[in-house]
Amino acid sequence: MKDNFINQLSLDLFHQLEDNTKNTAEVLTLPDGKPMPNAEVIIYRSFFNELESNTLFQELLNNIKWRQDRMKLYGKEHDLPRLIAWYGDEGRSYTFSGIPMNPDTWTQTLLSIKQKTEETVEVEFNSVLLNLYRSGKDGISWHSDDEKELGKNPVIASVSFGEARRFQMKHKLDKSLEKLEVNLTNGSLLIMKGSTQHHWQHQIPKTAKAVEPRINLTFRVIQTTK
DNA sequence: GGCAGACCACAATA
DNA sequence: ATATTGTGGTCTGC
Ligand SMILES: [Mn+2]
């Protein structure tokens with residue numbers, strides 16, 4: 001029963017690649033239309049269709065092992081303003097922000113999303129970091145995906161489900177460059193590669209508006225410890 | 001009038 | 001040595 005659902009899901013996902021004409025790559029540019037310097041960012045605005053996206057959102061919301069991590073800052077402990085989960089190849093461990101981590105092993109749903117993503121991005125990923133932004137009170141502030149275990153010029157593939165959230169990027173050094181922004185909508189795929197992480201930061205700003213949850217999957221190739 | 005954004009203050013870690 | 005993290009406050013401007 002569950003396997004049938006998954007098989008049907010995988011089939012649907014496979015066919016969508018050929019059938020969905022909206023599944024096209026758009027290169028992100030500066031607000032004035034000029035190319036982003038020192039960055040390669042591509043978005044597929046309808047990588048998954050609406051129906052698939054809604055199904056996958058519910059499935060992930062219910063079945064992923066979401067964790068509430070905490071961090072200490074200025075002498076106070078805070079819950080991170082988001083829930084996270086790590087999944088990856090079995091038997092591998094790695095360090096994330098200096099903390100040794102054992103990823104949970106891939107679920108069928110994650111594997112079908114991973115496979116479809118890999119076919120388009122043409123990279124084989126070995127792990128995924130999932131973020132759950134429960135409301136407008138959740139977000140993540142300016143940072144780069146520059147963990148050492150991601151290596152130089154990492155390819156990061158970010159799939160979004162649920163409520164759309166603003167995704168902003170700014171150049172680390174050249175403050176004359178305008179901030180740029182893209183809406184990460186239900187079913188979209190954003191790819192960052194090349195030197196993007198060396199020269200740019202990104203964030204998901206919090207918002208005072210009432211927003212429904214968003215789930216984000218960032219597929220990565222990490223150097224495993226073992 | 002609600003929201004976004006730009007400030008600021010607040011340590012400890014790499 | 002420098003950049004980072006999240007919260008919460010104030011202030012401005014749309
Ligand atoms: Mn990131």
Side-chain angles (χ1 to χ4, degrees), chain A residues 28-34 36-39 41 43 64 66-86 93-103 127-156 158 160 162-186 188 190 192-226:
Chain A
L28 285 202
T29 62
L30 298 175
D32 63 9
K34 292 183 181 139
M36 287 175 77
N38 319 113
V41 187
I43 186 166
I64 289 296
W66 297 107
R67 277 209 322 263
Q68 174 69 76
D69 277 11
R70 293 173 70 76
M71 80 164 313
K72 201 173 179 182
L73 190 64
Y74 289 96
K76 281 182 195 153
E77 277 238 328
H78 301 281
D79 285 343
L80 291 189
R82 58 194 167 272
L83 303 185
I84 68 166
W86 274 100
S93 63
Y94 48 89
T95 59
F96 178 65
S97 302
I99 304 162
M101 302 277 308
N102 284 315
S127 73
V128 63
L129 169 65
L130 294 100
N131 293 281
L132 171 56
Y133 301 95
R134 296 158 290 184
S135 73
K137 291 193 177 72
D138 280 352
I140 188 166
S141 53
W142 293 114
H143 71 283
S144 302
D145 295 347
D146 55 3
E147 298 286 343
K148 218 167 61 182
E149 49 278 2
L150 293 176
K152 196 181 153 99
N153 294 345
V155 177
I156 311 274
S158 166
S160 298
E163 179 83 72
R165 293 291 295 266
R166 304 162 70 200
F167 178 84
Q168 301 176 326
M169 299 188 73
K170 73 172 179 189
H171 199 275
K172 288 188 193 177
L173 297 179
D174 190 344
K175 294 182 81 183
S176 73
L177 291 174
E178 271 186 276
K179 198 162 68 179
L180 69 98
E181 178 167 327
V182 60
N183 228 19
L184 293 185
T185 53
N186 192 21
S188 63
L190 180 93
M192 294 184 280
K193 56 185 179 177
S195 59
T196 306
Q197 304 303 329
H198 293 286
H199 299 284
W200 292 75
Q201 293 183 314
H202 53 274
Q203 74 167 351
I204 302 285
K206 297 182 177 187
T207 174
K209 289 185 210 160
V211 290
E212 293 298 307
R214 162 176 182 257
I215 289 173
N216 179 51
L217 302 85
T218 53
F219 291 96
R220 301 130 179 270
V221 180
I222 52 174
Q223 294 166 357
T224 50
T225 314
K226 177 172 94 162

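Throughout, protein chains are lettered first and strands after them, A, B, ... in sequence-line order, and every chain is numbered starting at 1. Heavy-atom basis, side chains included; hydrogens, waters and symmetry copies ignored.
In the region residues 192-201 of chain A, proximity to DNA chain C at under 4.0 angstrom, judged on heavy atoms, holds for A/Q201.
Atom NZ in A/K175 sits roughly 12 Å away from atom C1' in B/dC7 (whole-Å rounding). The separation between A/K72 atom NZ and B/dC10 atom P is 18 Å, rounded to whole Å. In this structure, the NZ atom of A/K170 is 8 Å from the P atom of C/dT4, given to the nearest Å. When rounded to the nearest whole Å, the span between CD of A/E147 and C1' of C/dT5 equals 12 Å. Here the P atom of nucleotide C/dT5 and the CZ atom of A/R70 are 19 Å apart, to the nearest Å.
Residues that satisfy the ring pair (Phe, Tyr, Trp, His ring centres under 6.0 Å) test with A/F219, not counting sequence neighbours, are A/F125. Residues passing the salt bridge (Lys or Arg N to Asp or Glu O under 4.0 Å) test with A/K175: none are found, sequence neighbours excluded. Evaluation of the salt bridge (Lys or Arg N to Asp or Glu O under 4.0 Å) rule for A/E178 yields no partner, not counting sequence neighbours. With sequence neighbours excluded, the residues forming a ring pair (Phe, Tyr, Trp, His ring centres under 6.0 Å) with A/H143 are A/H202, listed by chain and number. Checked against side-chain hydrogen bond (donor to acceptor under 3.5 Å, both in side chains), A/T218 has the following partners two or more places apart in sequence or in another chain: A/R220. In terms of the salt bridge (Lys or Arg N to Asp or Glu O under 4.0 Å) criterion, A/D174 has no residue partners (sequence neighbours excluded). Taking A/D146 as the reference, nothing meets the salt bridge (Lys or Arg N to Asp or Glu O under 4.0 Å) condition, with sequence neighbours excluded.
Side-chain N/O atoms of A/T207 include one lying less than 4.0 angstrom from OP1 or OP2 on B/dA4.
For residues 192-209 of chain A, there are no salt bridge (charged side-chain N to carboxylate O under 4.0 Å, His left out) pairs, not counting sequence neighbours. Identified under the salt bridge (charged side-chain N to carboxylate O under 4.0 Å, His left out) test for residues 163-172 of chain A, with sequence neighbours left out: A/R166-A/E181.
Contacts of A/K76 with the nucleic acid, taken as non-hydrogen atoms under 4.0 Å apart, are absent.
Fit an axis to the five pairs at each end of the helix from B/dG2-C/dC14 to B/dA14-C/dT2 and the two axes sit 40° apart, to the nearest 10 degrees.
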Would A/I140 and A/N131 count as a side-chain contact (heavy atoms from CB on, under 4.5 Å) here? Give the steps. CA-CA 10 Å; A/I140 188 166; A/N131 293 281; 5.5 Å; no
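Interatomic distance, CG of A/L217 versus CG of A/L130, reported as 4.0 Å (0.5 Å rounding).
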What is the per-nucleotide protein-contact pattern of nucleotides 6-14 of chain C, from the 5' end, where B denotes a base atom under 4.0 Å from a protein heavy atom, S denotes such proximity for sugar-phosphate atoms only, and - denotes neither? BS-------
